[in-house]
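This is the structure, below, for whatever I ask next.
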Amino acid sequence: MSDLETTTRYDPADVEPRIARKWLESGLFHPPAEGTPDENYSLAIPPPNVTGVLHMGHALNNSIQDCMARYQRMRGRRTKWILGTDHAGIATQTQVERALAAEGTDRTELGREPFVQRVWEWRQQYGGTIIEQLKRLGASADYAEERFTLDDAYAEAVLRVFVALHEKGYIYRDRYMVNWDPGSGSAISDLEVEPREVTDTLYYIDYPLASGSGAITVATVRPETMLADTAIAVHPEDERYRRLIGEKAVLPLVGRRLKIIADEYVKPEFGTGALKITPAHDLNDFEIGRRHGLAQPQVIGEDGRITAQAPERFVGLTVDEAQRAVVAELESEGLLARTQSLTHTVPFSHRSGRRIEPLISLQWFMRMDELAAPAIDAVTSGRVRFHPPNHAKVYRDWMENIRPWCISRQLWWGHRLPVWYRGAETHVGTTAPRGEGWTRDPDVLDTWFSSALWPFATLGWPLQTPQLRAFYPTDALVTGRDIIFLWVARMIMMGLEFTGTEPFSDVHITAIIQAPDGRRMSKSLGTGIDPVDLIEGGPRPPVFAARAGGPGEFPAYGADAVRWGLLAMSSGQDVRFSEDKVAQGRQLTNKLWNAARLILLGVDDDARAAVAPTEPEDRWILHRLARAQGIVAQRIEAFDFSHAALALYDFVYGELCDWYLELVKPRLRAGDPGLAPTLLHVLTETVALAHPLMPFETEEIYSHIPGADGLLAARVTPAADPAE
RNA sequence: GGGCGGUUAGCUCAGCUGGUCAGAGCGCCUGCCUUACAAGCAGGAGGUCACUGGUUCGAUCCCAGUACCGCCCACCA
């Protein structure tokens, strides 16, 4: 127990671990599954990667969620903050594969079962870090019911959803153009692709006309794909080529005859106005090919090497080798008219960073438009509200143009597809089919497929569990705008489809915290910081040193200061990290600590008379307190956490300490008997007001207040009168 | 190529669809260490509110355009 008399500065390192233990032992964060979703309050954490560590985005996001959870709990609502982690297919598998590589082996050498076993062990070893960090932050989540997206019950829910959507015809298997990620050796979805600007060489290649008179020149940045060309397209109105439409050209190096076709997609002003068509290796070409009934020879395989459909001398080459070989041959045949450099954006894998290889592949897809319609309506009707509201427009624009989702992944870590094959037969079901000779599809589902079920699968769905009845639908979702499509939209769609209701009613999109120089926070750029280093003290990277007294170490600001600082700086959509704000938060904790000392050391322990303000300043501070309570409550409910934090600061600093406590000091020294009850009342209500934002210190102070029993976190304050 | 946000004090940011709205914190300057907190207290200096037009009795705020900065979406070889 810290000593108020001698501790003149708030010491988070002394207080926080002790308070955290108290909370966990109390069971307060694990509410009984009683009551109805209307009277209860619940929210589901965006599940962090199971092997991840806390970063600044998590710290802000969870400070906000905890602020809401504690606020609602103190309003008397049974509050459940659903906690858990995500198996994060590609990310986790990649980590383990890297470890295997360091041991000089790889997953194929290990085999599927042992590899998956190895990932589970990895999770066992590193999986608890982020949960411990959440406790460190003071997050009042339900640690007693921690979920994982690969739990048995959760997996059952995933398979049921897959089967149901398959029965409805939404999920199907098709040979279609996909984003092939050579890094992970898997198809990935459109949303996992990021465009990057690159400078390529644009090759102008002469394709001799079959008639023998002249050639038609095409421009391409991927000459190696010409081995799979099946046509040349020109714009139907292009005078230069009109007479050639329907003619044939000869594909160099291969000898195949290519029909010259007309298609409005072709832009006459780009390159030569003539476009080589490679249906198997370019999405546009794929669609043009479908329109014109072209064949789809595939010369690049999933292994990134040239296939047997190309002339023999190229087979087995990598894409890069093939490009060099093709260009060299074209040059020696005098068919390379010229080259030019071209800067354009091309897709890269968000995960592996490798350039996407578009190719036709047999994958599982999910049609989204039927599911999207009600999910659009949920937002336009206001049953789901975005905060700030302008995100609703982005959501709607994307949903209205939604495309099929490639949901199969050629990985081992994840939910394996509930699909079995035997010859030409396919069985889709939650259990294996009877009979001999069936083999299960080796692929797993996109991680986001299982994440989409998060708000209800964590509560036991498809079983009608007490948890589900008590806490679903949830109230709010707090997340970043980068996963509005990947996650938020899909949760709304799945929630509506499988539970008949929106999984939450409010979506708060948090600010994105940038480094002080405006770049994004990232470990690899050296612009990231570990929130735990702010809480407990730790290295301060150079970018953060500009005005904070040079590099070196962060002081141990404590969790409350970090939380308050993050909330206070999180107003706009992008915000630069400000150590000053965290320091301001620490000032506030210190101020509050000393105000508590002044009051608690100055009044008699048994001064518990009813509050009866005797002097004008007493009535004034009670009025200002009520006003502050109203403002803070209103700001929290409006998802305006920075103003909630600042309003708290203004009250504690500007009104309680600078004015009221200074004014009553003489009365305190004189032992004015009418003063003590007012002081204790104001202190109690002030720590209660501050608790959702600064839980540790306020809980500690509360434990010293005479007559205060139980936990502050469990103390119920009636709603302030908004008219006050 | 579309869309969204931003530009206010040296720094990081507030400013309710127009009238004591020109603010806060930090930093800086000047005073205060017997008296809860020097990680404190009191006071002070600092801004053509990006630019150009428009609406209005009146614009940081509303409208149009320009310039930068950031982000999202998009199949131009």
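Both backbone and side-chain heavy atoms feed into the values below; hydrogens, waters and symmetry mates do not. Chain A is the first sequence line, chain B the second, and so forth, proteins listed ahead of strands; every chain is numbered from 1. Because the structure is predicted, anything quoted here is derived from the model rather than measured.
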*Pick the C1' atom in G2(B) and in G58(B), then give their distance to the nearest Å.*
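Comparing C1' positions in G2(B) and G58(B) gives a spacing of 38 Å.
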
*In whole angstrom, what separates Q340(A)'s CD from A77(B)'s P?*
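So the two atoms are 12 Å apart, to the nearest Å.
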
*Where each residue is assigned the nucleotide of RNA chain B containing its nearest heavy atom, which of N284(A) and D650(A) is assigned the position nearer the 5′ end?*
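In this pair, the answer is D650(A).
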
_Distance in angstrom units between D397(A) CG and G1(B) C1', rounded_ =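 Rounded to the whole Å, the gap is 15 Å.
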
*Any pair with a residue in residues 507-516 of chain A that passes side-chain hydrogen bond (donor to acceptor under 3.5 Å, both in side chains), sequence neighbours left out, goes on the list, sorted by first then second residue, please.*
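Sorted pair list comes back empty.
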
*For nucleotides 30-39 of chain B, read 5' to 3', which letter fits each nucleotide if B means a protein heavy atom sits under 4.0 Å from the base, S means only the sugar-phosphate is that close, and - means neither?*
------BB-B

_Distance in angstrom units between N401(A) CG and G3(B) C1', rounded_ =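 Spelled out: CG on N401(A) to C1' on G3(B) is 12 Å.
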
*Between C1' of G3(B) and NE2 of H391(A), the distance in whole Å*: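 Distance, rounded to whole Å: 13 Å.
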
*What is the glycosidic conformation of C63(B): syn, defined as within 90° of 0, or anti?*
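Chi for C63(B) falls in the anti range.
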
Polar pairs (N or O, both sides) under 3.5 Å between protein and nucleotides 15-17 of chain B?
none

*Stems in RNA chain B: runs of 3 or more consecutive Watson-Crick or G-U pairs, distances under 3.5 Å?*
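Runs of three or more consecutive pairs: B:1-7 with B:67-73, B:10-13 with B:23-26, B:28-32 with B:40-44, B:50-54 with B:62-66.
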
_From CA spacing to verdict: side chain to side chain donor-acceptor pair (under 3.5 Å), N594(A), Y10(A)_ = CA-CA 8 Å; N594(A) 278 291; Y10(A) 172 61; over 6 Å; no

*Rounded to the nearest angstrom, tell me the gap between atom OH in Y207(A) and atom P in A77(B).*
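From Y207(A) OH to A77(B) P: 16 Å.
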
*How long is the line joining CD of E400(A) and P of G3(B), in whole Å?*
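Whole-Å distance recorded here is 15 Å.
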
_Measuring to OP1 and OP2 of C76(B), would you say a side-chain N or O of H344(A) lies under 4.0 angstrom away?_
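The answer is no; no side-chain N or O of H344(A) sits under 4.0 Å from OP1 or OP2.
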
*Evaluate salt bridge (Lys or Arg N to Asp or Glu O under 4.0 Å) for K393(A) paired with D397(A), printing each intermediate quantity in order.*
CA-CA 6 Å; K393(A) 177 180 155 50; D397(A) 288 349; 3.3 Å; yes

_Quick check on G70(B): syn or anti? Syn means the glycosidic torsion is within 90 degrees of zero._
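Anti conformation for G70(B).
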
Under 3.5 Å, N/O pairs linking protein and nucleotides 71-73 of chain B:
residue: C71(B); atom: O2'; partner: R481(A); partner atom: NE; Å: 3.4
residue: C71(B); atom: O2'; partner: R481(A); partner atom: NH2; Å: 3.4

*Apply salt bridge (charged side-chain N to carboxylate O under 4.0 Å, His left out) to D533(A) and list each qualifying residue two or more places apart in sequence or on a separate chain.*
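Scan of D533(A) (salt bridge (charged side-chain N to carboxylate O under 4.0 Å, His left out), adjacent residues dropped) gives none.
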
*Within 45° of the ring axis of W659(A) and under 6.0 Å from its six-membered ring centre, is that where the NZ or CZ of R624(A) lies?*
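Judged by the rule, R624(A) and W659(A) form no cation-pi pair.
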
*asked:* Within the 3.5 Å criterion, strictly below it, is a donor on H643(A) or D640(A) matched to an acceptor on the partner's side chain?
replied: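 Looking only at side-chain atoms, D640(A) and H643(A) do form a donor-acceptor pair, the distance falling under 3.5 Å.
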
*Specify the separation, in whole Å, of atom CD of E197(A) and atom P of G1(B).*
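These atoms are roughly 12 Å apart.
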
*asked:* With rounding to the closest Å, how many angstrom separate the P atoms on C63(B) and U55(B)?
replied: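 Result for the P pair: 15 Å, nearest Å.
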
*Of the non-hydrogen atoms in I300(A) and V319(A), which two are nearest, and what is the gap between them?*
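It is CG2-CG2, 3.9 Å.
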
_Measuring only the C1' atom in each nucleotide, how far is G47(B) from G15(B)? A whole number of Å is fine._
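These two C1' atoms come out 14 Å apart once rounded.
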
*So what does R403(A) hit on the nucleic acid, given a heavy-atom distance under 4.0 Å: a base, only sugar-phosphate, or nothing?*
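If one applies the 4.0 Å heavy-atom cut-off, R403(A) turns out to touch the sugar-phosphate alone, with no base involved.
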
*CZ of R576(A) versus C1' of C26(B): gap in Å, rounded?*
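These atoms are roughly 16 Å apart.
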
